[in-house]
Amino acid sequence: IEVNTIDGLFGAKYDFSSGLNIIRGNNSSGKSTLFQSILYALGFEELLGGKNAKTMQSVLKDQVEYANELHKVIESSVSLEIENEEIVTIKRFIVSPTKKEQLVEVYFGSILIEENMSCRMQQMYVHSKGSASDNFYGFHAFLADFLNWELPEVLTTQGETARLYLQQIAPSFI
């Protein structure tokens with residue numbers, strides 16, 4: 001989690017192990033911010049009751065309180081590294097003067113752990129037309145393929161078949 005303010009850079013890095021990870025800590029230690037950031041990076045913030053940055057904590061989009069001072073946020077982002085036979089790093093901006101909230105940058109390699117800054121990057125989108133079905137620009141279509149999930153076909157209101165959206169299945173795992 002990276003937050004750039006008018007007074008400098010703030011953020012946090014969390015390392016997870018394979019298998020079950022339990023997030024625990026004192027009140028106001030960032031548990032909810034971490035959990036919401038993971039959902040946001042994956043494009044599942046609808047589980048929080050909305051879309052895009054409006055679902056995120058104030059510390060990631062408005063101001064950071066540190067040393068009894070408030071620091072206005074200029075830009076913030078969440079990066080998440082996931083692995084399934086290969087490693088990809090997902091980066092999504094919460095606040096940015098130049099990047100849209102629907103944009104997801106997918107790096108084909110480890111930029112957080114191995115700091116491989118030379119890996120290929122593909123821009124993809126969430127919450128936009130085709131983001132669940134476009135195999136090149138649709139982040140959820142990419143994520144379903146990356147996870148090797150064959151999403152079930154369902155009937156539309158027009159009587160045609162379409163793949164079930166990944167975000168309709170995600171609550172079962174979160």
Side-chain angles (χ1 to χ4, degrees), residues 1-84 86-128 131 139-140 142-143 146-147 166-167 170-171 173-174:
I1 299 171
E2 189 172 289
V3 182
N4 191 3
T5 72
I6 59 174
D7 300 309
L9 192 61
F10 293 86
K13 182 176 182 179
Y14 301 91
D15 294 317
F16 297 99
S17 302
S18 294
L20 177 67
N21 286 264
I22 296 173
I23 301 168
R24 67 182 242 348
N26 294 331
N27 289 343
S28 300
S29 63
K31 299 179 302 292
S32 295
T33 302
L34 173 60
F35 180 68
Q36 291 174 2
S37 296
I38 293 169
L39 292 179
Y40 185 80
L42 294 170
F44 296 148
E45 71 273 10
E46 290 168 303
L47 297 174
L48 303 171
K51 288 184 186 174
N52 301 320
K54 66 182 170 189
T55 62
M56 301 306 290
Q57 299 278 345
S58 177
V59 69
L60 299 175
K61 61 182 184 176
D62 299 318
Q63 59 192 12
V64 173
E65 183 178 346
Y66 181 73
N68 293 322
E69 292 183 24
L70 298 177
H71 308 274
K72 183 176 176 3
V73 173
I74 300 169
E75 185 173 73
S76 62
S77 65
V78 178
S79 297
L80 179 67
E81 207 163 271
I82 59 175
E83 182 175 0
N84 189 25
E86 64 179 305
I87 296 173
V88 296
T89 306
I90 301 159
K91 182 173 186 173
R92 187 168 174 209
F93 287 86
I94 300 160
V95 172
S96 174
T98 60
K99 309 268 182 164
K100 292 185 176 187
E101 299 167 335
Q102 298 91 340
L103 175 71
V104 180
E105 295 178 347
V106 177
Y107 295 84
F108 293 86
S110 171
I111 65 171
L112 297 177
I113 296 173
E114 297 176 14
E115 298 181 4
N116 178 10
M117 301 311 288
S118 64
C119 56
R120 181 175 68 88
M121 188 270 286
Q122 170 69 43
Q123 293 184 337
M124 299 179 191
Y125 292 88
V126 293
H127 313 307
S128 299
S131 60
F139 177 69
H140 283 154
F142 161 79
L143 187 58
F146 180 81
L147 296 171
L166 185 58
Q167 57 268 47
F173 299 98
I174 297 172

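Please read these numbers as outputs of a predicted model, since none were measured by experiment. Computed over heavy atoms, backbone and side chain alike; hydrogens, waters and symmetry mates excluded. Residues take their numbers from the sequence shown, with the count starting at 1.
- One N or O on the side chain of Ser76 and one on the backbone of Leu60 form a donor-acceptor pair closer than 3.5 Å.
- For the atom pair NZ (Lys51) and OG (Ser128), the distance works out to 8.5 Å, reported to the nearest 0.5 Å.
- The two residues Cys119 and Tyr107 make their nearest non-hydrogen contact at SG-CB, 3.9 Å.
- Proximity of Val104 to Tyr125: side-chain heavy atoms (C-beta onward) are nowhere separated by under 4.5 Å.
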Output, in order, the C-alpha distance, side-chain angles, deciding distance and verdict of side-chain contact (heavy atoms from CB on, under 4.5 Å) for Ser32 and Gln57.
CA-CA 8 Å; Ser32 295; Gln57 299 278 345; 3.8 Å; yes
Let me see the working for Ile74 and Val95 under side-chain contact (heavy atoms from CB on, under 4.5 Å), right down to the final yes or no.
CA-CA 7 Å; Ile74 300 169; Val95 172; over 6 Å; no
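- Within the 3.5 Å criterion, the main-chain N or O of Phe93 finds a donor-acceptor partner in the side chain of Tyr40.
- In this structure the side chain of Val126 reaches within 4.5 angstrom of the side chain of Arg92, judged on heavy atoms.
- In terms of modelled atom types and a separation under 3.5 Å, the side chain of Thr5 and the main chain of His71 share no donor-acceptor contact.
- Residues Val3 and Val59 fail the side-chain proximity criterion, which asks for heavy atoms closer than 4.5 Å.
- Taken to the nearest 0.5 Å, the CG atom of Asn52 stands 11.0 Å off from the NZ atom of Lys100.
- With a 6.0 Å radius and a threshold of 12 heavy atoms from other residues, nucleotides or ligands, Asn26 has its CG atom at or below the threshold.
- Side-chain contact between Tyr14 and Ile23 is absent, with no heavy-atom pair separated by less than 4.5 Å.
- With respect to Phe35, the side chain to side chain contact (heavy atoms under 4.5 Å, CB included) criterion is satisfied by exactly one of Leu39, Thr33, Ile38: Leu39.
- Rounded to the nearest 0.5 angstrom, Ile94 CD1 and Lys54 NZ are separated by 15.5 Å.
- Considering only heavy atoms from C-beta on, Phe146 comes within 4.5 Å of Glu86 through its side chain.
- Within the 3.5 Å criterion, the main-chain N or O of Gly25 finds a donor-acceptor partner in the side chain of Lys31.
- Between atom CG of residue Leu42 and atom CG of residue Leu80 there is a gap of 5.5 Å, rounded to the nearest 0.5 Å.
- Contact check for Met121 versus Lys91: no side-chain heavy atoms found under the 4.5 Å cut-off.
- The number of heavy-atom neighbours closer than 6.0 Å to OH of Tyr66, taken from other residues, nucleotides and ligands shown, is 12 or below.
- Nearest heavy atoms, Leu47 versus Pro171: CD2-CG, 3.2 Å.
- Checking side-chain atoms of Ser58 against main-chain N and O of Asp62 turns up no donor-acceptor pair under 3.5 Å.
- Looking only at distances, no side-chain donor or acceptor of Lys61 sits under 3.5 Å from a matching main-chain atom of Val73.
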When you look at Glu45 and Gln36, which way does the side-chain contact (heavy atoms from CB on, under 4.5 Å) test go after all the steps?
CA-CA 7 Å; Glu45 71 273 10; Gln36 291 174 2; over 6 Å; no
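- The shortest heavy-atom contact between Pro97 and Glu75 is CD-OE2, 3.6 Å.
- In this structure, Glu105 CD and Gln123 CD are separated by 5.5 Å, a value rounded to the nearest 0.5 Å.
- Relative ring orientation between Phe142 and Phe108 is described as perpendicular, the plane-to-plane angle rising above 60° on a 0-90° scale split at 30° and 60°.
- In this structure a side-chain-to-backbone donor-acceptor pair under 3.5 Å is missing from Thr55 to Gly49.
- Taking 4.5 Å as the limit, some side-chain heavy atom of His140 sits within range of a side-chain heavy atom of Phe44.
- Counting heavy atoms from C-beta on, the side chains of His127 and Glu101 never come closer than 4.5 Å.
- Side-chain atoms of Glu81 come within 3.5 Å of backbone N or O of Leu112 as a donor-acceptor pair.
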